[in-house]
Amino acid sequence: MDRYPYKEIEAKWQRIWQERQIFAAAPDSRRPKYYVLEMFPYPSGRIHMGHVRNYTLGDVVSRFKRAQGYNILHPMGWDAFGLPAENAAMAKGVHPAAWTYANIDEMRAQIQSMGLSLDWSREIATCDPAYYRHEQAMFLDFLAAGLVDRKESWVNWDPVDQTVLANEQVIDGRGWRSGAPVERRKLAQWFLKITAFSEELLDALAGLDRWPDTVRAMQERWIGRSAGARVRFRISGRDDDLEVFTTRPDTLFGASFMAIAPDHPLSAARAADDPKLAEFIAACAATGTSEEALERAEKIGYDTGLRCAHPLIEGASLPVYVANFVLMEYGTGAIFGCPGHDQRDLEFARKYGRPVIPVVLPPDADVATFAIGDEAYLGDGRMINSGFLDGLDVAAAKQRVIARLEELGVGRGETTYRLRDWGVSRQRYWGCPIPVIHCARCGIVPVPREQLPVTLPDDIEIGRPGNPLERHPTWKHVACPRCGGAARRETDTFDTFVESSWYFMRFCSPHAEEAFDRAAVEHWMPVDQYIGGVEHAVLHLLYSRFFARALKKCGYVSFDEPFMGLFTQGMVCHKTFRDRAGNWRQPDEVEEDANGVWRLTLDGSEVTVGRSEKMSKSRRNTIDPSATIEAYGADTARLFMLSDSPPERDLEWTEAGIDGAWRYLNRLWRLFETHGGRLAPHGASYPNELSPDALEVRRAIHRTVASVSDELERFHFNKAVALIRELSNRIEALDADDPAAPLLLREGLETLALLLGPMVPHLAEELWQLLGHDGLLAEAAWPVADPAWLVEDRVTVAVQVNGRLRATIELPRGSDRAALEASALAEPNVARTIGDKSVRRVIVVPDKIVNVVV
RNA sequence: GCCCAGGUGGCGGAAUUGGUAGACGCACUAGCUUCAGGUGCUAGCGGCCGUACGGCCGUGGAGGUUCGAGUCCUCUCCUGGGCACCA
């Protein structure tokens with residue numbers, strides 16, 4: 001049997017779509033707009049299967065919505081700044097720009113081979129000065145609007161990548177890209193004040209009802225709002241106070257010690273006179289970096305000798321410890337410990353012999369006997385041992401104590417957030433220059449607008465890590481725009497998350513002189529459906545939400561939320577293989593023999609098969625998408641990506657799965673070739689009388705249209721594929737002698753072509769042409785099911801006896817209870833099961849089930 | 001430790017509100033087509049018993065609610081992911 005000629009077909013339709021420019025977007029007041037976007041790729045060299053899955057999902061949405069009559073914007077571009085370009089430059093002596101643009105050309109061709117309905121006229125690359133000049137202008141606007149900070153602060157220093165990482169980019173104490181253990185350094189850094197929007201970013205999550213709950217939960221936790229109080233404790237024998245933040249001010253009467261962070265200013269001050277404390281602080285820093293150490297580190301403290309007065313209990317005094325579990329970055333870097341109602345405080349108190357005073361009595365406990373054992377009590381109850389708070393519940397006690405603290409002038413209610421400001425300074429070359437000038441006399445001076453963009457110098461020395469801009473002999477030396485004196489350009493460049501925080505807005509008017517054509521950005525934004533990996537659940541998505549708000553504040557746009565719908569896809573995984581020497585082996589280096597043993601193709605030696613993991617270079621378990629597309633065609637690759645696994649779950653790439661998709665497309669091709677000559681003409685109408693089989697096939701066609709539409713809407717693409725396959729099985733099995741066969745084939749095959757359009761667009765387009773259509777399937781309207789054909793006139797009803805299935809009966813839809821019951825009881829198997837027992841009750845759910853209870 | 005998903009045949013996965021568990025596909029088995037080697041067609045395919053009709057068991061485990069539970073409740077085990085001495 002001939003294979004279907006996918007190469008000719010795919011080349012042909014890609015050419016025609018391109019020539020006719022049918023995916024070029026333009027605002028159209030007659031149709032509702034729909035903006036579909038996949039997270040744009042970093043041009044690392046070649047596309048991988050994750051890209052193929054991502055763009056296939058996006059293209060299904062895009063083509064489906066287009067067929068439904070929406071005016072689609074579906075662009076593609078390049079997240080082109082980034083460290084790999086510098087690494088490649090160092091490794092191969094290529095200029096980062098040359099490397100990046102070569103990769104873009106390569107990957108563009110690969111992506112185009114997938115036959116995506118993209119508007120390539122809107123392509124952008126973020127490393128283009130025509131793009132990043134606007135980013136520099138935005139930064140100056142943010143600066144003027146008070147949304148930028150320059151702080152001398154501790155930063156995470158990645159010793160391998162030679163760059164600063166945001167806190168959010170540090171994973172288990174290691175750089176998120178390099179994996180190297182992160183060190184701490186103090187540097188002057190640029191920060192974007194995302195914390196100015198903490199509350200708003202948190203509250204608005206509730207309105208993002210087309211986002212996955214998991215992502216919203218992750219952001220919520222990341223922002224981490226906690227309501228509590230700030231309380232000042234007078235340090236005995238001194239004039240100053242120790243300020244703490246607590247979420248449990250209600251437990252203040254249960255306080256039995258104070259604890260401060262090792263890097264709290266007070267710790268440092270005391271350490272100056274106390275060598276043992278200095279030693280303790282150093283030890284905390286040493287154990288505090290690696291994750292295992294953190295995991296196993298026990299709660300340790302060091303008594304500073306300082307004592308604080310309890311603000312509400314006359315004469316009570318609390319010892320102040322330096323403790324390794326108190327974080328300087330959160331709250332005030334100091335806490336009071338209430339062992340009765342905080343597990344960590346309890347363990348600390350037990351260890352250092354501090355008293356445990358219960359102040360919340362559980363509802364079922366007796367005040368005379370209640371005591372804290374090994375577990376702190378975290379629940380609600382009545383306050384005890386707490387003076388004026390006694391008898392209140394926890395919530396009321398919080399309010400009352402805060403009011404009292406305010407009265408006394410020693411504290412106030414406060415809400416804090418876990419979210420920290422976004423450090424955007426990077427000490428590297430291949431990024432957007434930060435447009436400021438440092439002048440010894442004038443300080444920080446913004447680059448004048450007319451001098452934008454500040455472009456990167458081409459002539460750089462890239463042979464060693466670190467920032468070539470810092471080493472550049474001339475670029476960094478400029479005259480101060482204010483006083484004209486000798487000054488120095490900022491040599492830091494932006495974190496690449498800055499570029500990806502607004503590219504989707506630039507797509508609306510990619511060639512505009514200003515950052516955005518206001519009408520275009522207001523027309524297309526927000527993105528209706530954004531699709532990408534869940535690994536961006538916090539960083540990229542949160543920064544983008546912040547950026548929209550910051551731009552709004554600066555008058556660029558009028559919306560807050562950039563992405564109305566979000567879909568996060570699962571990863572593409574593959575088995576892993578290791579040879580005898582323990583080296584990872586690529587899938588194309590091994591074969592499975594007849595006994596199911598995997599061997600190296602080269603010499604037949606056995607390899608061990610590991611569990612399926614995310615495709616990655618380090619495991620060498622990658623499959624090159626281009627090889628698959630070459631061997632089977634883009635449609636096969638696309639269909640496989642959509643079959644079987646729900647898109648939000650991980651997908652295991654298997655050769656068998658690709659084969660299955662390939663065989664199905666061949667089968668479709670044969671189906672159309674076999675019946676192409678026997679179709680009824682367009683628009684031929686059915687006779688009044690149809691055979692029962694023909695009626696059933698027509699119903700199946702309309703039912704499939706209705707359910708596939710529904711499943712596509714809900715991202716259940718695997719189910720949509722299953723439904724389409726069911727329909728094609730049915731059409732294949734059609735009785736050729738049925739007088740209505742030509743009509744059913746006409747309607748059935750047209751329906752199949754239309755439903756397959758979003759998934760396998762090339763083949764569907766070819767089939768559409770085979771069916772005699774002049775126009776493009778890509779521009780054809782989505783089929784609509786006729787409600788009349790969705791109604792079944794007969795139904796199969798399950799008959800149970802005591803809840804166990806004993807028979808099924810077929811009856812006209814809508815049969816009454818008596819008829820259902822009579823038919824059910826008449827079933828021989830039902831009668832036999834009932835035997836001589838008496839029927840106690842019969843439950844009838846019309847058109848569904850009859851349950852006889854005996 | 002905390003949070004969020006999950007746990008259904010040999011495998012990927014179906015199963016709107018509780019109402020016929022296993023759709024669709026993969027793998028496998030048997031047969032057919034002179035079919036040589038990423039082919040097609042037919043049939044079978046959760047387990048056990050039975051020639052069959054049919055019966056019993058079965059959605060990680062244990063209880064519970066219900067005429068009826070993969071679905072709801074309680075407890076528990078396991079897997080994956082995220083976060084982390086966050087006061």
Side-chain angles (χ1 to χ4, degrees), chain A residues 1-3 171-172 212-218 220-222 224 226 228 244-249 251 259 261 288 291 294-295 297-300 323-327 329-338 341-345 347-348 416-418 534-535 537-538 570-571 596 631-632 640 643-646 648-652 654-664 666-667 670 707 710 714 716 718-729 796-808 828-829 832-833 840-845 847-854:
Chain A
M1 184 61 67
D2 282 344
R3 297 166 169 204
I171 295 165
D172 297 335
D213 289 340
T214 48
V215 173
R216 288 195 288 177
M218 283 163 82
E220 189 173 332
R221 203 181 130 62
W222 196 267
S226 38
V244 308
F245 174 76
T246 177
T247 56
R248 293 295 304 271
T251 64
E291 71 181 291
L294 268 180
E295 194 92 4
E298 56 171 326
K299 294 150 193 59
I300 50 172
N324 64 344
F325 61 86
V326 179
L327 298 181
E329 291 77 21
Y330 189 80
T332 62
I335 63 162
F336 73 80
C338 175
H341 306 284
D342 182 290
Q343 190 59 30
R344 199 190 36 210
D345 293 350
E347 287 168 35
F348 191 88
T416 56
Y417 295 87
R418 180 182 173 278
V534 73
E535 67 273 17
V538 176
M571 300 179 298
Y632 296 92
F640 171 61
S643 308
D644 300 341
S645 289
E648 71 277 10
R649 267 194 242 176
D650 289 352
L651 172 138
E652 165 139 11
T654 60
E655 191 74 31
I658 279 283
D659 270 338
W662 163 249
R663 280 202 297 269
Y664 178 61
N666 276 285
R667 190 171 176 163
R670 279 197 305 276
S707 27
D710 187 44
R714 296 158 56 169
H716 295 167
N718 55 323
K719 286 198 248 171
V721 172
L723 289 163
I724 290 172
R725 290 183 81 131
E726 254 178 296
L727 179 62
S728 65
N729 288 346
T796 305
V797 172
V799 183
Q800 300 178 333
V801 178
N802 288 339
R804 313 179 76 121
L805 183 71
R806 295 300 170 187
T808 55
N829 205 36
R832 184 170 349 122
T833 314
R840 290 197 290 168
R841 213 177 138 190
V842 179
I843 284 139
V844 178
V845 181
D847 295 338
K848 280 224 161 141
I849 203 161
V850 177
N851 190 11
V852 182
V853 186
V854 295

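None of the values given here were measured: they were computed from a predicted structure. Throughout, a chain's letter reflects where its sequence line sits, starting with A, and its residues are numbered from 1. Side chains included, hydrogens not; waters and symmetry mates left out as well; all remaining heavy atoms used.
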Q: Let me know which of D345(A), T246(A), D342(A) forms a side-chain contact (heavy atoms from CB on, under 4.5 Å) with F336(A).
A: T246(A)
Q | Euclidean distance, atom CZ of residue R221(A) to atom C1' of G82(B) [Å, nearest integer] | A | 8 Å
Q.
For R663(A), give me all partners under salt bridge (charged side-chain N to carboxylate O under 4.0 Å, His left out), at least two apart in sequence or on another chain.
A. none
(Q) Rounded to whole Å, please give me the gap between CD1 in I335(A) and P in C85(B). (A) 14 Å
Q. Closest nucleotide of RNA chain B for V326(A) versus for A798(A): which of these residues is on the 5' side?
A. A798(A)
Q.
Only pairs with both distances under 3.5 Å count, Watson-Crick or wobble alike; so what is the partner of U66(B) in this structure?
A. none
Q) Which label fits G46(B), syn or anti, where anti is any glycosidic angle not within 90° of 0? A) anti
**Q.** Side chain of T214(A) - closest among G54(B), C4(B), A23(B)
**A.** C4(B)
**Q.** Nearest listed nucleotide, side chain of L805(A), among C41(B), U39(B), A21(B)
**A.** A21(B)
Q: Report the residues that fulfil salt bridge (charged side-chain N to carboxylate O under 4.0 Å, His left out) with R806(A), sequence neighbours left out, ordered by chain and then residue number.
A: none
Q.
Can you identify which nucleotide, out of U20(B), C83(B), C26(B), has its nearest atom closest to the W222(A) side chain?
A. C83(B)
Q: Calculate the interatomic distance between D659(A) atom CG and G25(B) atom C1'; express it in whole Å.
A: 13 Å
(Q) Taking ring pair (Phe, Tyr, Trp, His ring centres under 6.0 Å) as the definition, give me every residue that meets it alongside F348(A), ordered by chain and number, with sequence neighbours left out. (A) F257(A), Y321(A), F325(A), Y352(A)
Q: In whole angstrom, give me the gap between the P atoms of G61(B) and G54(B).
A: 28 Å
Q: Report the nucleotide, chosen from C26(B), A84(B), A23(B), that has the shortest atom-to-atom distance to any side-chain atom of E726(A).
A: A23(B)
**Q.** Complementary nucleotide of A52(B), counting Watson-Crick and G-U pairs under 3.5 Å
**A.** none
(Q) Under 4.0 Å, counting only non-hydrogen atoms across every strand here, what does A656(A) touch: a base, just sugar-phosphate, or nothing? (A) sugar-phosphate
Q: Would you sort out whether S728(A) and Y664(A) count as a side chain to side chain contact (heavy atoms under 4.5 Å, CB included), showing the intermediate values?
A: CA-CA 10 Å; S728(A) 65; Y664(A) 178 61; 2.8 Å; yes
Q | Whole-Å P distance, G80(B) and A30(B) | A | 37 Å
Protein-nucleotides 9-19 of chain B N/O pairs under 3.5 Å:
residue	atom	partner	partner atom	Å
G12(B)	O2'	S645(A)	OG	3.1
G12(B)	N2	D644(A)	OD1	3.0
A15(B)	OP1	K719(A)	NZ	2.1
U17(B)	O4	K848(A)	NZ	3.2
G19(B)	N2	Q800(A)	OE1	3.4

Q) Starting at the 5' end of RNA chain B, which residue's closest nucleotide do you reach first, V797(A) or D213(A)? A) D213(A)
Q: With sequence neighbours excluded, tell me which residues meet side chain to side chain contact (heavy atoms under 4.5 Å, CB included) with T332(A).
A: R230(A), E243(A), V244(A), F245(A), A334(A)
(Q) Can you tell me if R806(A) touches the phosphate of G55(B), counting only side-chain N or O atoms and a distance under 4.0 Å to OP1 or OP2? (A) yes
Q) Who are the side chain to side chain donor-acceptor pair (under 3.5 Å) partners of R221(A), not counting sequence neighbours? A) none
Q | P atoms of G58(B) and C85(B), separation to the nearest Å | A | 47 Å
(Q) Checking contacts here: which listed nucleotide (A84(B), U20(B), C85(B)) is nearest the side-chain heavy atoms of R418(A)? (A) A84(B)
Q) Partner of G46(B) by Watson-Crick or G-U wobble geometry, both contacts under 3.5 Å, or none? A) C57(B)
Q) Do any side-chain nitrogens or oxygens of N729(A) fall under 4.0 Å of OP1 or OP2 in A23(B)? A) no
Q) Donor-acceptor pair, D644(A) side chain versus F640(A) backbone, under 3.5 Å? A) no
Q | C49(B) to C28(B) separation - C1' atoms, rounded to the nearest Å | A | 24 Å
Q.
Using a 3.5 Å distance criterion without hydrogens, assess whether the side chain of N718(A) forms a donor-acceptor pair with backbone atoms of S645(A).
A. no
Q. Could you state the CE-C1' distance from M218(A) to C2(B), rounded to the nearest angstrom?
A. 14 Å
Q | Whole-Å P distance, U16(B) and U71(B) | A | 13 Å
Q. In Watson-Crick or G-U wobble terms, both distances under 3.5 Å, what is the partner of G80(B)?
A. C4(B)
Q) Checking N802(A) side chain against V854(A) main chain: does a donor-acceptor pair fall under 3.5 Å? A) yes
**Q.** Sugar-phosphate only, base, or nothing, as touched by T796(A) at under 4.0 Å among non-hydrogen atoms
**A.** base
Q: Taking atom C1' in both U51(B) and C67(B), compute the distance separating them and give it to the nearest angstrom.
A: 36 Å
Q | Whole-Å gap separating C1' (G25(B)) and CZ (R667(A)) | A | 11 Å
Q. Please give, in whole Å, the distance from G68(B) C1' to R840(A) CZ?
A. 14 Å
Q. Rounding to a whole Å, what distance do you find between R663(A):CZ and C41(B):C1'?
A. 13 Å
Q) Is G22(B) paired to anything, Watson-Crick or G-U wobble with both distances less than 3.5 Å, and if yes, which nucleotide? A) none
Q: For G9(B) versus G60(B), give the span between their P atoms, rounded off to a whole number of Å.
A: 8 Å
Q) Atom CD1 of I658(A) and atom P of A27(B): how far apart are they, to the nearest Å? A) 13 Å
(Q) In whole Å, measure the gap between the P atoms of A52(B) and C45(B) for me. (A) 12 Å
Q: Just name whichever nucleotide pairs with C32(B), Watson-Crick or G-U, keeping both distances under 3.5 Å, else none.
A: G40(B)
